[in-house]
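Structure below; questions to follow.
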Amino acid sequence: MTKRAKVEVLEVPTIPAEFLNHLGFVVNRVAERLNAQVAQVTLHHGLTVPQYGLLLLLQAEGPQAQIELSMRVGLDRTSVMRTVDLLEKRAFVRRDPDPSDRRKHSVVLTETGAALLDQTLPQVRQAERDVTGLLSAQEQTQLMELLRRLLVTNRAG
């Protein structure tokens, strides 16, 4: 049986109108709400949102060295190492030796980890829809396109 952390459901206090004109504040509040919804799903499966994100990255891009994972997910190397340790204990990932450098290991998503993602992805998508449900499908698509553009532009600049 996995130990479950308690998820804090964010109360939405009255927000001063002035704050609603600041992009950073609005984006941050929406992200907090989305993370809280997704955390309810991932914690049900004994995962944190960062652990879930690391599994998603491995599924999408295949085996990665821990240093690459650190750079890709934006966590320091120590945090990634602890995360991989926890995921490895639960058989969601494994470390394979790098054939060209015995000092390095690649983190690999296991069948158990892939099965967990297959099981949780529909629930995570529903959590996302719960947050964006007031938007039409076209508006949701447009929002994602705009956010991706900002993300890519700011990463390159």
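Computation of the quantities below employed the complete heavy-atom set of this structure, encompassing side-chain atoms and omitting hydrogens, waters and symmetry-equivalent molecules.
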For this session: Using the side chain to side chain contact (heavy atoms under 4.5 Å, CB included) rule, pick out the option among Asn35, Val38, Leu34 that qualifies with Val131.
Result: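 Exactly one option meets the side chain to side chain contact (heavy atoms under 4.5 Å, CB included) with Val131, and it is Leu34.
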
For this session: For Glu68, enumerate each residue passing the side-chain hydrogen bond (donor to acceptor under 3.5 Å, both in side chains) test, keeping only those at least two apart in sequence or located in another chain.
Result: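 Not a single residue meets the side-chain hydrogen bond (donor to acceptor under 3.5 Å, both in side chains) criterion with Glu68.
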
Problem set entry | Shared hydrophobic cluster for Val30 and Val49 (ILVMFWY, side-chain gaps under 4.5 Å) |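 Yes: a chain of side-chain contacts under 4.5 Å links Val30 to Val49.
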
For this session: Calculate, to the nearest 0.5 Å, the distance between atoms CZ and CG belonging to Phe92 and Leu116 respectively.
Result: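 CG of Leu116 is found 4.5 Å from CZ of Phe92.
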
Problem set entry | Test salt bridge (charged side-chain N to carboxylate O under 4.0 Å, His left out) applied to Asp118 - qualifying residues, sequence neighbours left out |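 So Asp118 forms no salt bridge (charged side-chain N to carboxylate O under 4.0 Å, His left out) with any residue.
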
For this session: List the atom of His105, the atom of Arg102, and the distance in Å for their closest heavy-atom pair.
Result: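 The answer is CE1-O, 4.3 Å.
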
Exercise. When Ile, Leu, Val, Met, Phe, Trp and Tyr are grouped by side-chain heavy atoms lying under 4.5 Å apart, directly or through other members, which residues fall in the same group as Met81?
Worked result: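 None, because no other hydrophobic side chain comes under 4.5 Å of this residue.
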
Problem set entry | Arg95/Glu88 ion pair, N-O < 4.0 Å |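 So Arg95 pairs with Glu88 through a salt bridge.
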
For this session: Answer yes or no: is there an ion pair linking Asp85 with Arg90, defined by an N-O contact shorter than 4.0 Å?
Result: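 Arg90 and Asp85: not salt-bridged.
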
Exercise. Heavy-atom count around Arg77 CZ within 6.0 Å, excluding the residue itself: above 12?
Worked result: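 For Arg77, atom CZ is not crowded (no more than 12 foreign heavy atoms under 6.0 Å).
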
Exercise. Members other than Val27 in its cluster, when Ile, Leu, Val, Met, Phe, Trp, Tyr link by side-chain heavy atoms under 4.5 Å?
Worked result: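 Noted: Val27 shares its cluster with Leu23.
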
For this session: Heavy atoms only: give me the nearest Gln51-Gly46 pair and the separation to one decimal.
Result: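 Looking at all heavy atoms of both residues, the shortest contact is OE1-O, 4.0 Å.
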
Exercise. Minimum heavy-atom separation for Leu47 to Leu55, with atom names?
Worked result: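 For Leu47 and Leu55, the tightest heavy-atom pair comes out as CD1-CD1, 3.9 Å.
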
Exercise. Does Leu143 sit in a hydrophobic cluster with other residues, and if so which ones, taking ILVMFWY side chains as linked at heavy-atom separations under 4.5 Å, directly or through other members?
Worked result: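 Its cluster partners, ordered by chain and number, are Leu135, Leu147.
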
Problem set entry | Criterion side-chain hydrogen bond (donor to acceptor under 3.5 Å, both in side chains) on Gln123 and His44, from CA distance to verdict | CA-CA 11 Å; Gln123 298 166 354; His44 178 74; 6.0 Å; no

Exercise. Is Glu32 salt-bridged to Arg29, going by a charged N under 4.0 Å from an acidic O?
Worked result: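 Judged by the 4.0 Å cut-off on N to carboxylate O distance, Glu32 and Arg29 do form a salt bridge.
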
Exercise. Which ILVMFWY residues can you reach from Leu86 by hopping between side chains whose heavy atoms are under 4.5 Å apart?
Worked result: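 Its cluster partners, ordered by chain and number, are none at all.
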
Exercise. Do side-chain atoms of Ser106 reach the backbone of Ala65 as a donor and acceptor pair under 3.5 angstrom?
Worked result: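 Not at all, since once roles are kept as given, no pair shorter than 3.5 Å links the two residues.
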
Exercise. If you count the non-hydrogen atoms of other residues, nucleotides and ligands that lie under 6.0 Å from CG in Leu134, is the total more than 12?
Worked result: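 No, because the 6.0 Å sphere around CG of Leu134 holds 12 heavy atoms or fewer from other groups.
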
